[in-house]
Asker: 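Please see the structure below; I have some questions.
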Amino acid sequence: MHHRSLFVGILGTAFTAATLPAQAGGFYLKEQSAEGVGRAFAGETALGADASTVYFNPSAMTKLDGTTVTGGFYTLFIDSEQSDRGTTRTGPGGAGSFPVGGNDGGNPFDEPVLLGNLYMATPVNDRLWLGLGVNTPFGVVAEYDDGFFGRYDSKKSDLLTVNIQPSAAYKLNDVFSIGGGLNIQYVDVELTNALPNLAPGSPDGSFRVQGDDWSLGWNVGVLASLEAVDIGLHYRSEVKHDLEGDVTIGGLAGPLAAQNGTVPGGAPLTMPDIASLGAVWHLPDGRTRLLADVSWYNWSDFEEIAISTASGARFESPQNYQDTWSFAVGGEYDYSNRLTLRTGVQFDETPTRDSFRTTRVPDGDRWWLTAGATYDLSETYSVALSYAHIFVSEESLNRTDTAYAGTPVAVDTTIRSQNTGSADIIGLGLTAKF
């Protein structure tokens, strides 16, 4: 038996959809502004309402008076369930078809999920503003119960990103402002799943990969402030990571046992570029604003997973993500000099395709319904509270992957499942203006 080919086959099974656990529209986290949650992020690229505009469109920092600091805190309650629809595996060499069996894995998301971010913007003079943001634009922690019927597809997916964004904005004239910044990004990934031993019904082997990386991207935006309308356009570049870490395999028996152990390994991971266009209409009453936003996500760059080890082994697994769009509309009303009310709705497409979807990405198209308010505690401090409910469409999983591909003992595993889910978000923000 060729051990290198066998090891490549093991990696192929383990890394299927490995670097892409999902949270919202792929694995992108929209929760970058507590106020924004309440308006479903409609008009975010044009508002410049607080320092979180550093993330959504730094050019809108020119709308802020004085130094502004904004912190956001988010509590997510995520419900996700998998229902077995006949998940199977074969014997060695693709012989026969046998039910995998097991439980439904429970809700893979611990509740609640906590997120946070912090932003600051300050004017240098009447033309130039500087800003800084620290946030988590991508990430998830999802872990299924032991004995999950989809264990050959995934058991645990833990992805963390930290994004540090120094930014600047320049006011060209009374109408146009430009801005941009760097995305200094750290990513850390841990993924596990089971590996099938050759005899159906025998104890499973295990797989674990951990890797991390620092990388760099950029973003740029423009704001046009007209008499009754503000229009913002923002582009965030992709960030290409080359994860480096360890691959650990255990519990394999018989002719597979030689693959047990830990070796250095790595995989590329690209965070998609995002383009957003937003508008804010200021109605004649001076208290009401209508908001709209559309965003495009370049998920189609994620065509496959390519894994390599120090020994030179390599595996490629097709993913075939598709580009997606999100559309949001909303409104704000200044109920008094201190209290602002808001609401919004958003449609957010999933990038996953039916024949390639996995339990690492329990994703579907999403509808957001949101509401929120901001109250000015004083001339310096204001607090924002928002709520969102997210409806996630039911989606089917029907995907076959081959363990130990290219060897006489190749085993096909086919997950057949129905995914259902929803989420609730509570956002709390505090802004200080000096």
Side-chain angles (χ1 to χ4, degrees), residues 32-36 39 41-72 117-135 137 163-184 217-237 273-284 286-295 330 332 334 340 342 374 376 379-382 384 429 431-434:
Q32 303 302 329
S33 163
E35 279 196 4
R39 51 184 170 250
F41 303 103
E44 215 65 48
T45 54
L47 269 168
D50 57 40
S52 66
T53 195
V54 168
Y55 181 82
F56 294 101
N57 186 357
S59 66
M61 285 191 290
T62 59
K63 299 182 71 174
L64 300 174
D65 296 325
T67 298
T68 305
V69 180
T70 300
N117 41 56
L118 183 65
Y119 305 93
M120 181 187 73
T122 187
V124 176
N125 52 46
D126 60 356
R127 294 284 186 180
L128 177 65
W129 277 253
L130 299 179
L132 180 67
V134 180
N135 53 40
N163 193 77
I164 303 169
Q165 184 180 324
S167 301
Y170 188 78
K171 190 171 185 178
L172 298 174
N173 51 45
D174 290 341
V175 175
F176 293 103
S177 297
I178 57 174
L182 298 177
N183 303 321
I184 306 167
W218 53 274
N219 69 98
V220 64
V222 61
L223 175 71
S225 298
L226 307 175
E227 287 188 9
V229 180
D230 295 320
I231 300 173
L233 178 64
H234 183 247
Y235 174 78
R236 180 173 297 274
S237 78
D273 45 338
I274 303 170
S276 299
L277 174 67
V280 180
W281 288 267
H282 302 269
L283 298 191
R287 292 190 170 196
T288 307
R289 293 169 294 281
L290 302 180
L291 317 168
D293 213 282
V294 57
S295 294
E332 290 188 330
D334 296 329
T340 297
R342 58 182 58 90
T374 296
D376 293 336
E379 291 185 357
T380 300
Y381 298 102
S382 64
T431 293
K433 298 179 180 180
F434 306 99

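The shown structure was predicted, so the numbers you read here are calculated from the model rather than taken from an experiment.
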Asker: Might you point out which heavy atoms bring G179 and S59 nearest each other, and give the distance in Å?
Answerer: N-CB, 3.4 Å
Asker: With a 4.5 Å cut-off on side-chain heavy atoms, are D334 and R289 touching?
Answerer: yes
Asker: Could I get the full list of side chain to side chain donor-acceptor pair (under 3.5 Å) partners for K433, not counting sequence neighbours?
Answerer: none
Asker: Any side-chain heavy atom of L223 within less than 4.5 Å of one from K63?
Answerer: yes
Asker: Are R39 and E44 close enough that some pair of their side-chain heavy atoms sits under 4.5 Å apart?
Answerer: yes
Asker: Minimum heavy-atom separation for G217 to S237, with atom names?
Answerer: CA-OG, 3.5 Å
Asker: Should S276 and D293 be marked as a side-chain contact (heavy atoms from CB on, under 4.5 Å) after you check the CA-CA gap, both sets of side-chain angles, and the distance that decides it?
Answerer: CA-CA 7 Å; S276 299; D293 213 282; 4.0 Å; yes
Asker: Please give me the minimum heavy-atom distance between L64 and A121, naming the atom from each residue.
Answerer: CD1-CB, 3.8 Å
Asker: Can you list every side-chain hydrogen bond (donor to acceptor under 3.5 Å, both in side chains) pair that touches residues 168-177, not counting sequence neighbours?
Answerer: T62-S177
Asker: Do you see a donor-acceptor pair shorter than 3.5 Å between the side chains of E35 and S33?
Answerer: no
Asker: Do you know the tightest heavy-atom contact between P137 and N163?
Answerer: CD-CB, 3.6 Å
Asker: For a quick check under 3.5 Å, do Y119 and Q32 share a side-chain donor-acceptor pair by atom type?
Answerer: yes
Asker: Report the C-alpha separation of R236 and Q165 in whole Å, then their side-chain angles, then the decisive distance to 0.1 Å, and conclude whether the side-chain contact (heavy atoms from CB on, under 4.5 Å) test is met.
Answerer: CA-CA 11 Å; R236 180 173 297 274; Q165 184 180 324; 3.2 Å; yes
Asker: Closer than 3.5 angstrom, by distance alone: can the side chain of N183 be matched with the main-chain N or O of W218 as a donor-acceptor pair?
Answerer: yes
Asker: I want to check something: taking the side chain as every heavy atom from C-beta on, are T45 and L277 in contact at a cut-off of under 4.5 Å?
Answerer: no
Asker: Report the C-alpha separation of T68 and M61 in whole Å, then their side-chain angles, then the decisive distance to 0.1 Å, and conclude whether the side-chain contact (heavy atoms from CB on, under 4.5 Å) test is met.
Answerer: CA-CA 9 Å; T68 305; M61 285 191 290; over 6 Å; no
Asker: Apply side-chain contact (heavy atoms from CB on, under 4.5 Å) to residues V54 and M120 and explain how you reach the verdict.
Answerer: CA-CA 8 Å; V54 168; M120 181 187 73; over 6 Å; no
Asker: Do you know which two heavy atoms are closest between P58 and A169, and how far apart they sit?
Answerer: O-CB, 3.2 Å
Asker: Indicate yes or no: at least one non-hydrogen side-chain atom of S52 is less than 4.5 angstrom from one of N117.
Answerer: no
Asker: Going by heavy atoms in the side chains, are R342 and T374 under 4.5 Å from each other?
Answerer: yes
Asker: So, S167 side chain and G181 main chain: donor-acceptor pair closer than 3.5 Å or not?
Answerer: no
Asker: I'd like to check V69 versus L118 (side-chain heavy atoms, cut-off strictly below 4.5 Å). Are they in contact?
Answerer: yes
Asker: What is the minimum heavy-atom distance between A46 and G232, and which atoms define it?
Answerer: CB-N, 3.6 Å
Asker: Compare all side-chain heavy atoms of I231 with those of V222 and state whether any distance is below 4.5 angstrom.
Answerer: no
Asker: How long is the straight-line distance from CG of L47 back to OG1 of T53, given to the nearest 0.5 Å?
Answerer: 8.0 Å
Asker: How long is the straight-line distance from CD1 of I274 back to OH of Y235, given to the nearest 0.5 Å?
Answerer: 9.5 Å
